[in-house]
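Data first, discussion second: the structure below is written as structure tokens.
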Amino acid sequence: MSWEPTPLEQKRLEKLAELRQAGVEPYPLRVERTHTSADAIAAFEAAEAEHGAEAPEIKATLTGRIMSSRDMGKTVFTHIEDGYGRIQLFVRRDDVGEEAHQIFRKLLDLGDFVQATGVLFRTRTGEVSVRVTEWKLLAKAVSPLPVVKEQEVDGELVRHNAFSDVEERYRQRYADLAVNPDVREVFKIRAKVISALRRYFEDHDFLEVETPVLQPLYGGAAARPFTTHHNQLKQELYLRISFELYLKRLLVGGIERVYEIGRDFRNEGVSFKHNPEFTMLEFYAAYWDYHNVMDFTEGMVKYVAQHVWGKSEISYQGETINLGGTWPRLTMRDAIKQFAEIDYMEHPDAPSLANAIREAGGHAPIGASWGKLIDGLFGDHVEPNLIQPTIITTYPRDISPLAKAIPGDPKHVERFEFFIAGMEMGNAFTELNDPLDQQQRFEDLQKLFAKGDDELNPIDEDYLRAMRYGMPPNGGFGVGVDRLVMLMADKATIREVLLFPHLRERDEG
RNA sequence: GGCCCUGUAGCUCAAUGGCAGAGCAACUGACUCUUAAUCAGCAGGUUGAAGGUUCGAGUCCUUCCAGGGUCACCA
């Protein structure tokens, strides 16, 4: 689809031509910025504090995007915004000259990038501003950005005509970011979360690695993969659904503590907490069991909160969430007893458990395994109630093929997940390192899944071969980084913490 | 995939089946300390798309497209 200028864009194209005619280059190559808006204001206030009215003049050249303009005729007040805030330009005809003043008034628009030079001063209403003597256009905006006006009422910032259509905001994230500063804040928080995670792992002697995104076999999670094709090799490839099997190969290779932050891809439904591609963090540590992993994970989330907010109490969707202290730990069995009033150990096989669930008025999908039914019970009755951080331990074996069994308990494995704000945040276990047991689990799983179930992972023979060389006992963990960011940024949907969330292609024909 | 809601000017939103409107932005002008600047004037539309019912459809019906919610699905 080619671009058809709207009437507003047509008008700006005319201005563009007029600017060139007047000898103004609308897209120059060089910029002469001396101060950011924040630096300029700070410098002015510092000088004022030290010397009062006798303060020496500060001349500055600033750059930014025109966000508002109040044209008084011979004087124009304009706010420009740069990456550090806003500052007001005071453009007076007597200061810039007749011609430059007319061009500024008539040929510039909201959204244009400009450079302005002048002495800093305070206006009568007290705002630090630039008394502009020279200005230069840096980039003409041809399309009008949504206009957002702000007003301060009793100290509260009220925004008018905000650009708020969710779909348009995601499809044109650049415009969203340009006019909604709070959106930029979300992605600063995201960056802080990720840098805190990296520092935490580095401080604990973990090695960061990168493993293949394109894989000949997929595994490590129950999910449908995206498939692709290598032309020259004539080979089917999958986009990874987890990092697990590659990272644990590295333990065989003698790397004791390893982690990866990267993208996973799952060809499944899209929801407020699912995007087809999402950021995952997985780590594995030799000689740890899942108790060590629990302690470490708790520490990790607290560390992140400290780095982002400087405290362990955060606000999420109106709830106060306290990440401090030791998080409650309870078994899945006890949690389900408490919230669903079913003791699944009294129903030790799938048919009887399915009956018990249906009798209690619950939903039990046909053909679900015992473990899947338990997981379903948990998801329906327990998970939404886990607002404060909670660790749930001791998972059914048949939904945990990579976790080590609990001695003397054939039904359960050493696995935990932790929950905050009713969301699963992470999944961990004492990793299975017995190659023969692992092979058996894979084979059991093949039988358990219905034929043709596309969540069934192919058996990764190379992974079994690696394990046969000897894998140290280890504990491992995976956390959905986007969900952690949702929590830290107080956002209710994953799309608000992804710069370019997946959207259906729009038919524009 | 099922059900519910939404789609109107660049943005935010109105309009009992009866002339498609407002505010902001734009445009013309006034104003040399404004800050949602103010004031006067002027323009801006294939109402998501295609069909249908009707004398008449933004509004009712059908299909489709997109988004949101919810349920199902989701180790």
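In what follows, every chain begins at residue 1, and chains take the letters A, B, ... in the order their sequences are listed.
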Dot-bracket for RNA chain B, please. Rules: Watson-Crick or G-U, both distances under 3.5 Å, ( ) within the strand, [ ] when a pair crosses earlier ones, | for another strand, . otherwise.
(((((((..((((....[..))))..((((.......))))......(((((..]....))))))))))))....
Sugar-phosphate only, base, or nothing, as touched by Arg92(A) at under 4.0 Å among non-hydrogen atoms:
base
Regarding Arg415(A), tell me which of base, sugar-phosphate or nothing describes its non-hydrogen contacts under 4.0 Å with the strands shown.
sugar-phosphate
Base, sugar-phosphate alone, or nothing: which one does Glu152(A) contact when heavy atoms must sit under 4.0 Å apart?
nothing
Considering every strand and a 4.0 Å limit on heavy-atom distances, what is the contact class for Arg86(A): base, sugar-phosphate, or nothing?
nothing
Determine the contact category for Phe121(A): base if any of its heavy atoms lies under 4.0 Å from a base atom, sugar-phosphate if only primed atoms, P, OP1 or OP2 are that close, otherwise nothing.
base
Would you tell me whether Glu150(A) and His79(A) have side-chain atoms, one donor and one acceptor, within less than 3.5 Å of each other?
no
Are Glu496(A) and Tyr170(A) linked by a side-chain donor-acceptor pair shorter than 3.5 Å?
yes
Please determine, by modelled atom types, if Thr117(A) and Glu134(A) share a side-chain donor-acceptor pair under 3.5 angstrom.
no
With heavy atoms under 4.0 Å as the rule, sort Leu503(A) into base, sugar-phosphate or nothing.
sugar-phosphate
Just checking Ser164(A): base, sugar-phosphate only, or nothing, at a heavy-atom cut-off of under 4.0 Å?
sugar-phosphate
Look at all strands and tell whether Pro396(A) reaches a base, only sugar-phosphate, or nothing, counting heavy atoms closer than 4.0 Å.
nothing
Are His502(A) and Glu277(A) linked by a side-chain donor-acceptor pair shorter than 3.5 Å?
no
May I ask you to say what Lys106(A) touches in the nucleic acid, namely base, sugar-phosphate or nothing, with a heavy-atom cut-off under 4.0 Å?
sugar-phosphate
Touch check for Glu167(A), heavy atoms < 4.0 angstrom, all strands: base, sugar-phosphate only, or nothing?
sugar-phosphate
Tell me which of Asp165(A) and Asp109(A) sits closer to the 5' end of RNA chain B, going by the nucleotide each one is nearest to.
Asp165(A)
Give Phe90(A) one of three labels, base, sugar-phosphate or nothing, depending on what nucleic acid heavy atoms sit under 4.0 Å from its own.
base
Any chance the side chains of Arg329(A) and Thr393(A) put a donor and an acceptor closer than 3.5 Å?
no
So, are Lys404(A) and Glu431(A) salt-bridged, with charged N and O less than 4.0 Å apart?
no
Determine the contact category for Asp71(A): base if any of its heavy atoms lies under 4.0 Å from a base atom, sugar-phosphate if only primed atoms, P, OP1 or OP2 are that close, otherwise nothing.
base
Without hydrogens or angle criteria, can the side chains of Tyr395(A) and Glu417(A) be said to hold a donor-acceptor pair below 3.5 Å?
yes
How would you label the contact of Gln88(A) with the nucleic acid (heavy atoms, under 4.0 Å): base, sugar-phosphate, or nothing?
base
Measuring only the P atom in each nucleotide, how far is C4(B) from A75(B)? A whole number of Å is fine.
29 Å
Starting from C1' on C11(B), measure out to CZ on Arg159(A) and report it in whole angstrom.
12 Å
Hey, is the side chain of Lys15(A) poking within less than 4.0 Å of OP1 or OP2 on C27(B), counting only N and O atoms?
yes
Check every strand shown and say whether Thr123(A) touches a base, only sugar-phosphate, or nothing at a heavy-atom separation below 4.0 Å.
base
